[in-house]
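Below: the structure, in structure tokens.
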Amino acid sequence: MANWVYPLGSAADGSWDISLGTSDSAVEVDGWAHTGLKVATLAAGAAVELPAAGEERIVVPLNGSFTATVDGQDYRLAGRASVFHGPSDVLYTGTQKAVTISSSDGGRVAVATAPAKTSYPTRLVTAAETPVELRGAGNCSRQVHNFGTPAALEADRFIVCEVITPAGNWSSYPPHKHDEEKDGETSLEEIYYFETRVAPDGPAAAAGSGAQSDAIGYQRVYASDERPIDVSAEVRTGDVVLVPYGWHGPAMAAPGYDLYYLNVMAGPGPVRDWLISDDPHHGWIRQTWEGQDVDPRLPFGA
């Protein structure tokens with residue numbers, strides 16, 4: 001079985017902390033074809049470059065601010081202190097666009113990719129323009145930044161968003177899948193890139209021991225048909241879980257620790273849309289949200 005879990009450092013390549021599924025990735029994943037991810041940590045004044053390739057990209061600041069240069073034009077990406085401080089500016093580029101990403105003060109940046117044939121114009125999506133969704137209720141509450149979804153961004157293949165889950169909550173729940181092209185469902189690979197932190201109101205933070213805490217979350221993926229897959233992964237900042245098919249969820253924020261993940265999805269189907277099927281054993285959970293409030297810790301902001 002292919003490797004679907006990549007702890008921090010296991011998919012590094014040169015200046016990139018993570019390089020998976022892209023046109024120039026050093027790490028090859030059997031059966032992976034439609035999505036890619038790069039993540040780099042830049043020192044002050046440093047830069048990384050991506051050559052022109054047959055893939056569309058979204059540049060996502062994780063912490064810090066950046067300048068992305070495309071076709072000789074500089075796009076200033078006003079970033080954030082961390083992924084738990086609300087949306088960031090992001091930059092979409094079409095295919096066959098070389099990109100240089102630099103930062104005067106340093107920081108960490110992600111680049112979501114997907115092989116594509118039709119090129120759309122380069123577009124800056126500001127933090128203020130980013131649709132922020134509060135999904136679920138009670139202990140299934142989470143916050144979604146929908147900057148790269150079909151309703152928010154014109155693109156060829158991929159769907160990109162980020163999700164923040166407060167400590168103790170479950171997201172990507174109930175378990176669902178998108179691994180078939182059929183009525184009500186689209187076939188999409190999915191990448192989960194994780195970051196974690198000690199929750200500001202958690203016991204460790206209150207006691208001043210956050211620096212010694214091991215902020216963790218968990219991700220579950222399991223088979224929806226005869227194709228085997230069985231992932232129960234403990235995740236931390238910089239870890240990646242790939243979902244080629246199957247039921248996935250929950251993504252669990254352990255008590256005391258907030259959980260973030262960047263989702264990159266794309267597939268071979270004719271329609272760019274996120275259509276899912278719930279695991280029939282657990283889909284009823286959605287009905288329980290009707291009588292519950294959204295977690296009052298949301299939304300996370302600047």
Side-chain angles (χ1 to χ4, degrees), residues 1-6 20-21 29-37 55-56 58 112-117 131 133 135-136 140 142-165 170-194 218-233 235 240-252 259-287 289:
M1 186 183 300
N3 182 19
W4 307 124
V5 180
Y6 290 86
L20 286 167
V29 182
D30 291 340
W32 200 258
H34 304 290
T35 57
L37 177 70
E55 61 187 23
E56 56 187 353
I58 292 185
T113 74
K117 295 181 179 179
E133 173 191 1
R135 186 178 298 171
C140 292
R142 58 270 205 188
Q143 177 173 331
V144 187
H145 300 159
N146 288 310
F147 53 77
T149 59
L153 178 70
E154 190 177 37
D156 183 26
R157 301 308 307 168
F158 63 16
I159 298 170
V160 186
C161 65
E162 55 187 10
V163 181
I164 306 96
T165 308
W170 285 22
S171 60
S172 286
Y173 195 72
H176 58 279
K177 72 181 184 75
H178 36 72
D179 60 11
E180 296 180 86
E181 287 292 330
K182 64 178 185 180
D183 287 345
E185 186 176 334
T186 45
S187 178
L188 301 167
E189 290 178 348
E190 186 165 11
I191 297 173
Y192 280 72
Y193 164 80
F194 292 95
Y218 295 89
Q219 172 70 18
R220 178 77 173 120
V221 187
Y222 56 100
S224 60
D225 51 30
E226 73 281 355
R227 293 172 292 181
I229 187 167
D230 187 3
V231 174
S232 296
V235 295
V240 174
V241 174
L242 305 181
V243 183
Y245 48 79
W247 306 112
H248 45 289
M252 295 172 278
L259 179 69
Y260 162 96
Y261 52 88
L262 175 66
N263 277 152
V264 186
M265 293 175 276
V271 178
R272 177 180 170 243
D273 205 356
W274 183 65
L275 300 177
I276 66 171
S277 298
D278 285 338
D279 183 332
H281 294 96
H282 306 295
W284 64 270
I285 293 293
R286 293 188 190 274
Q287 301 170 19
W289 300 344

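- Across all their heavy atoms, Ala223 and Trp247 have their closest contact at O-CD1, 3.1 Å.
- Here the side chains of Trp284 and Asp278 are not in contact, with every heavy-atom distance at 4.5 Å or above.
- No side-chain heavy atom of Val29 sits under 4.5 Å from any side-chain heavy atom of Asn3.
- In this structure the side chain of Trp274 never reaches within 4.5 angstrom of the side chain of Thr149, judged on heavy atoms.
- From Tyr192, atom OH reaches atom CG of Leu259 across 10.0 Å, with rounding to the nearest 0.5 Å.
- Atom NE2 of His282 is separated from atom NE2 of His176 by 13.0 Å, given to the nearest 0.5 angstrom.
- With 3.5 Å as the limit, one finds no donor-acceptor pair spanning the side chains of Tyr245 and Ser187.
- The nearest pair of heavy atoms linking Pro115 to His34 is CD-O, 3.3 Å.
- Among residues two or more places apart in sequence or in another chain, the side chain to side chain donor-acceptor pair (under 3.5 Å) test is passed with Glu190 by His178, His248, Asn263.
- Of the possible polar contacts, none joining the Arg142 side chain to the Gly136 backbone as a donor-acceptor pair under 3.5 Å is found.
- Between Lys177 and Gly246, the closest heavy-atom pair is CB-O, 3.5 Å.
- Between Leu242 and Pro244 the shortest heavy-atom distance is O-CD, 3.5 Å.
- In terms of modelled atom types and a separation under 3.5 Å, the side chain of Gln219 and the main chain of Met252 share no donor-acceptor contact.
- Taking 4.5 Å as the limit, some side-chain heavy atom of Glu185 sits within range of a side-chain heavy atom of Asp179.
- The shortest side-chain heavy-atom distance between Trp170 and Thr165 does not fall under the 4.5 Å cut-off.
- Between the side chain of Thr186 and the backbone N or O of Asp273, at least one donor-acceptor pair lies under 3.5 Å.
- Side chains of Tyr261 and Ser172: a donor-acceptor N/O pair is present below 3.5 angstrom, by distance only.
- In this structure, the side chain of Arg286 does not engage the main chain of Pro174 through any donor-acceptor pair within 3.5 Å.
- Residue Ala152 comes nearest to Asn146 through the heavy atom pair CB-O, 3.2 Å, listed as atom of the first residue, atom of the second, then distance.
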Walk me through whether Tyr218 and Phe194 qualify under side-chain contact (heavy atoms from CB on, under 4.5 Å). CA-CA 10 Å; Tyr218 295 89; Phe194 292 95; over 6 Å; no
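- Taking SG of Cys161 as the reference point, atom CZ of Phe147 lies at 7.0 Å (rounded to 0.5 Å).
- The side-chain heavy atoms of Ser224 and Glu180, taken from C-beta on, include no pair separated by under 4.5 Å.
- Using modelled atom types, one finds a donor on one side chain and an acceptor on the other under 3.5 Å when comparing Asp279 with Tyr222.
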Please step through side-chain contact (heavy atoms from CB on, under 4.5 Å) for the pair Cys140 and Trp289, ending with a clear verdict. CA-CA 8 Å; Cys140 292; Trp289 300 344; 3.5 Å; yes
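- Side chain of Glu133 to backbone of His145: no donor-acceptor contact under 3.5 angstrom is found.
- A 4.5 Å side-chain heavy-atom check between Leu262 and Leu37 finds at least one atom pair inside the cut-off.
- Taking CG of Asp156 as the start and CD of Glu55 as the end, the distance is 12.5 Å to the nearest 0.5 Å.
- Of all heavy-atom pairs between Ala266 and Arg157, the closest is CB-O, 3.9 Å.
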Go through the steps to decide whether Ser171 and Arg135 satisfy the test side-chain contact (heavy atoms from CB on, under 4.5 Å), and finish with yes or no. CA-CA 9 Å; Ser171 60; Arg135 186 178 298 171; over 6 Å; no
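- Atom OH of Tyr6 sits about 10.5 Å away from atom CD1 of Ile191, to the nearest 0.5 Å.
- Two residues are said to be in side-chain contact when any heavy atoms from C-beta on lie closer than 4.5 Å; Thr35 and Thr113 fail this criterion.
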